[in-house]
Amino acid sequence: MTKKTNQDIGLVWFKNDLRLHDNESLCNAIATGMPLLFLYCIDSNLYRPLALGFRKAGANRAIFLKQALEDLKTRLENKGAHLVIEYGMVPAIIEKYVNNYSITHIFAEQEYAWEELLQMNAVKKKITGKAELLTYWGKTLYHKDDIPFKINEIPLTSKAYRIPTGNQTEVREPFLEPSEIGGVVTINSKSFPSFKTLGFNEKEIAAVETFVAGGETEALKRLHYYTFESKLLTGYRWSRNKSLGMDYSSKLSPYLALGSLSPRIIYQKVKQYEGLVKKNQSTWWLVFELVWRDFFTFKGMRMGNAIFKTEGFTKKKVDFENDKNLFERWCNGNTGLPFVDAHMRQLNKTGYMSNRGRVNCASFLVHDYKIDWTWGAAYFESKLIDYDVSANWMNWHMQAYQIWYTNPIHQSLKYNAKEFIQQWVPELSKINDERIYIPWHEESSQIELNGYPKPAEIFSKWTRSINKILAALRDT
Ligand code: FAD
């Protein structure tokens, strides 16, 4: 940072770091002592309709973002500050504030993904010669500068990344939430715009069912609940592959995605839990998942924009069939495969889907429907309230090219998904036995399907699993 003068004015540009705890750019801005202006920009490109027939980011994400920003605004106001929320082209908004408020320094989190890096460059161009942009790494558990690999040398396999990193790297201490915010620019907070301004109609907004409430306050509550309050963490290793209810996994991903929660705070809490309650495979596994998140972030950075392309970074040539009618059935949860449809309908309504669901729905789209995986990834991007560039696109890439087929019939039986299907596929809610997994089968012919569709194709690779279900039926 250039030498500070009495005329300096800082702008804290919040992005996916919507929190006061463990926020390095915020802490550094406050430490300078310069008057600060706190800004969030909603990119007007974010909610635009895509050629595939849905928005780049849909109503679930808009609502969740609004909750996170309102919470951040309240938390800043409680410390004597403010939050100005603007909607438009991000570089133009930043330029306007730099000019109007004679901003000399901008404090922000570093970006890692393609579009966001392009946007940062556009911002830099607008402010060159007027303000200095100071960025800080904040997304991952292990700091980017501490891991034993340069980004362009990140190993291709998670194990080759995880073991040396775990052995050679310490998780940094989280930054404490600032107890007070000293000098602030005189400006009133500006609230989240109406959903109409963002381009949504009332029907789209009304169709959303909130999965978890957004914001740092709720994030910290959820973290406390999943650990010390309920002690659910102790059983996480064995419950994490389920889909029904709120308790089988942490549900911290939506908070991590917007930065309402820092991974280092989760780590700190897990370590306290290990000391005071229980240290077991589950506590290890939750940290392991955060390390996966890091790995995908760093590997995604290494691969650049290849992670968004059909051939991926492995440059595989696959002749996808791309049947638009089948894609629509998948998006709407009308494939006739109850395990897939239940998860897709939950995603559409709430913006969340379990990891088990994501694996099955992705595998089904790519390997059974033979549809370009980037269509599915774009659909998840539109819907997921925990949408994270690298977690989403790297997981999809893995399902498309680096992992074996996941059989949705086998998995519905293995993970005992009856109740989950009953909840999300009301047409089948009265079926109380294993026929719920194969409602098209002649064994289910006595059952009223209430208009629930038949699958477009029954693949021979499902036969063994169908026979297992029939055997289970005979046993009951
Ligand atoms: P928990 O099981 O409690 O895990 C704790 C945390 O670890 C999660 O919050 C998440 O931050 C991280 N994590 C867990 N599994 C993974 C994983 N496979 N990859 C990366 N991080 C992981 N996760 C996202 O956060 N955003 C996405 O956009 C996203 N898209 C996905 C798309 C596909 C096709 C697949 C298969 C997985 C995707 N995931 C994504 C990973 C995973 O499904 C979610 O992180 C998880 O379901 C979130 O629920 P949770 O917080 O209860 O997870």
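- Residues passing the side chain to side chain contact (heavy atoms under 4.5 Å, CB included) test with H441, sequence neighbours excluded: I438, E443, S444, I466, L470.
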Item to check | ring-ring contact (aromatic ring centres under 6.0 Å, His included) assessment of H343 paired with W424 | outcome: CA-CA 8 Å; H343 283 105; W424 287 103; 9.6 Å; no

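- Within the 4.5 Å cutoff, no side-chain heavy atoms of K414 are placed close to those of R356.
- H21 NE2 to L26 CG: the interatomic distance, rounded to the nearest 0.5 Å, is 11.5 Å.
- Aromatic rings from Y379 and W375 are positioned such that their centres are separated by 6.0 Å or more.
- Using bins of under 30°, 30° to 60° and over 60° for the plane-to-plane angle, the ring pair F327/W330 lands in the parallel bin.
- Y97 approaches I103 most closely through the heavy-atom pair O-CG1, 3.4 Å.
- In this pair, F364 and Y369 present their aromatic rings tilted. The plane angle is within the 30 to 60° band.
- No side-chain heavy atom of R358 sits under 4.5 Å from any side-chain heavy atom of N395.
- Closest approach of A59 and I205 over heavy atoms only: CB-CD1, 4.0 Å.
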Item to check | Trace of the side-chain hydrogen bond (donor to acceptor under 3.5 Å, both in side chains) decision for Q268 with D22 | outcome: CA-CA 11 Å; Q268 194 182 56; D22 197 22; over 6 Å; no

Item to check | Trace of the side chain to side chain contact (heavy atoms under 4.5 Å, CB included) decision for E216 with L18 | outcome: CA-CA 7 Å; E216 181 180 9; L18 304 183; over 6 Å; no

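- T350 places a side-chain N or O within 3.5 Å of a backbone atom of Q346 that can act as its donor or acceptor partner.
- No side-chain donor-acceptor contact under 3.5 Å links T210 to the backbone of A213.
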Checklist entry - Do K251 and S253 pass the side-chain hydrogen bond (donor to acceptor under 3.5 Å, both in side chains) test, and can you show the C-alpha distance, the side-chain angles, and the key distance before you say yes or no? => result CA-CA 6 Å; K251 308 296 178 298; S253 58; over 6 Å; no

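- A heavy-atom distance below 4.5 Å is not found between the side chains of F192 and Q67.
- To the nearest 0.5 Å, the span separating CG on L198 from CG on L46 amounts to 8.5 Å.
- Between the side chain of K349 and the backbone N or O of A207 there is at least one donor-acceptor pair closer than 3.5 Å.
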Checklist entry - Step by step, would you call E24 with F107 a side chain to side chain contact (heavy atoms under 4.5 Å, CB included)? => result CA-CA 9 Å; E24 187 170 359; F107 300 85; over 6 Å; no

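- A distance-only check finds a donor-acceptor pair linking the side chain of D294 to the backbone of L141 [under 3.5 Å].
- Applying the 6.0 Å contact sphere to NZ of K461 captures more than 12 heavy atoms from other residues, nucleotides or ligands.
- When every heavy atom of F296 is checked against every heavy atom of S390, the shortest pair comes out as O-CB, 3.4 Å.
- Put simply, the side chain of V212 does not reach to within 4.5 Å of the side chain of E218, judged on heavy atoms.
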Item to check | side chain to side chain contact (heavy atoms under 4.5 Å, CB included) between K73 and F38, worked out | outcome: CA-CA 9 Å; K73 179 155 84 66; F38 300 85; over 6 Å; no

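- Neither side chain, S460 nor T463, offers a donor N or O lying under 3.5 Å from an acceptor on the other.
- Judged purely by atom type and a 3.5 angstrom limit, R55 uses its side chain to pair as donor or acceptor with the backbone of G199.
- At least one donor-acceptor pair under 3.5 Å links the side chain of W373 to the backbone N or O of T310.
- Ring pair Y255/F64 is tilted by interplanar angle, where 30° to 60° counts as tilted.
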Item to check | E177/K79 under salt bridge (Lys or Arg N to Asp or Glu O under 4.0 Å): CA gap, chis, key distance, verdict | outcome: CA-CA 11 Å; E177 176 173 329; K79 293 191 188 288; 3.2 Å; yes

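- Within a 6.0 Å sphere centred on NZ of K242, heavy atoms belonging to other residues, nucleotides or ligands number 12 at most.
- Relative orientation of the F320 and Y401 rings is tilted, given thresholds of 30° and 60° on the angle between their planes.
- Counting only heavy atoms from C-beta outward, the side chains of Y437 and P338 never approach each other to under 4.5 Å.
- Using a 4.5 Å cut-off on side-chain heavy atoms (C-beta onward), T217 and R75 make contact.
- The distance from the CE atom of M344 to the CG atom of L347 is 5.5 Å, given to the nearest 0.5 Å.
- For N23 and Y136, the side-chain atoms include no donor-acceptor pair closer than 3.5 Å.
- A centroid separation of 6.0 Å or more is found between the aromatic rings of W114 and F308.
- Inspection of the N16 and E111 side chains reveals no N or O donor paired with an N or O acceptor under 3.5 Å.
- The closest donor-acceptor contact from the side chain of N322 to the backbone of I371 lies at 3.5 Å or more, if one exists at all.
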Checklist entry - Are R240 and E289 close enough, and set up right, to give a salt bridge (Lys or Arg N to Asp or Glu O under 4.0 Å), and what steps lead you there? => result CA-CA 11 Å; R240 55 179 281 276; E289 293 296 351; 2.9 Å; yes

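- The closest donor-acceptor contact from the side chain of N334 to the backbone of P453 lies at 3.5 Å or more, if one exists at all.
- Judged by the 6.0 Å distance and 45° axis criteria, K15 is positioned over the aromatic ring of W13.
- Expressed to the nearest 0.5 Å, how far CD1 of I265 lies from CG of L261 amounts to 7.5 Å.
- N188 CG: 12 or fewer foreign heavy atoms inside a 6.0 Å radius.
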Checklist entry - So Y40 and L65, side chain to side chain contact (heavy atoms under 4.5 Å, CB included) or not? Walk me through it. => result CA-CA 11 Å; Y40 182 87; L65 176 64; 3.5 Å; yes

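- A distance-only check finds no donor-acceptor pair linking the side chain of E381 to the backbone of V389 [under 3.5 Å].
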Checklist entry - Are K370 and E457 close enough, and set up right, to give a salt bridge (Lys or Arg N to Asp or Glu O under 4.0 Å), and what steps lead you there? => result CA-CA 12 Å; K370 304 206 172 0; E457 190 175 345; over 6 Å; no

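- Across all their heavy atoms, S363 and Q399 have their closest contact at CB-OE1, 4.3 Å.
- Judged by distance alone, the side chain of D71 and the main-chain N or O of G214 form no donor-acceptor pair under 3.5 Å.
- Side-chain contact check for F195 versus E204: every heavy-atom pair is 4.5 Å or farther apart.
- At most 12 non-hydrogen atoms from other residues, nucleotides or ligands lie less than 6.0 angstrom from NZ of K454.
- Annotation: K468, atom NZ; neighbour count of heavy atoms from other residues, nucleotides and ligands within 6.0 Å does not exceed 12.
- S189 and E77 share a side-chain donor-acceptor pair at under 3.5 Å.
- Here the CH2 atom belonging to W393 is positioned 5.5 Å from the OG1 atom belonging to T374, to the nearest 0.5 angstrom.
- Side-chain atoms of D341 and T335 form a donor-acceptor pair, as typed in the model, at a separation below 3.5 Å.
- Using a 4.5 Å cut-off on side-chain heavy atoms (C-beta onward), K269 and H224 make contact.
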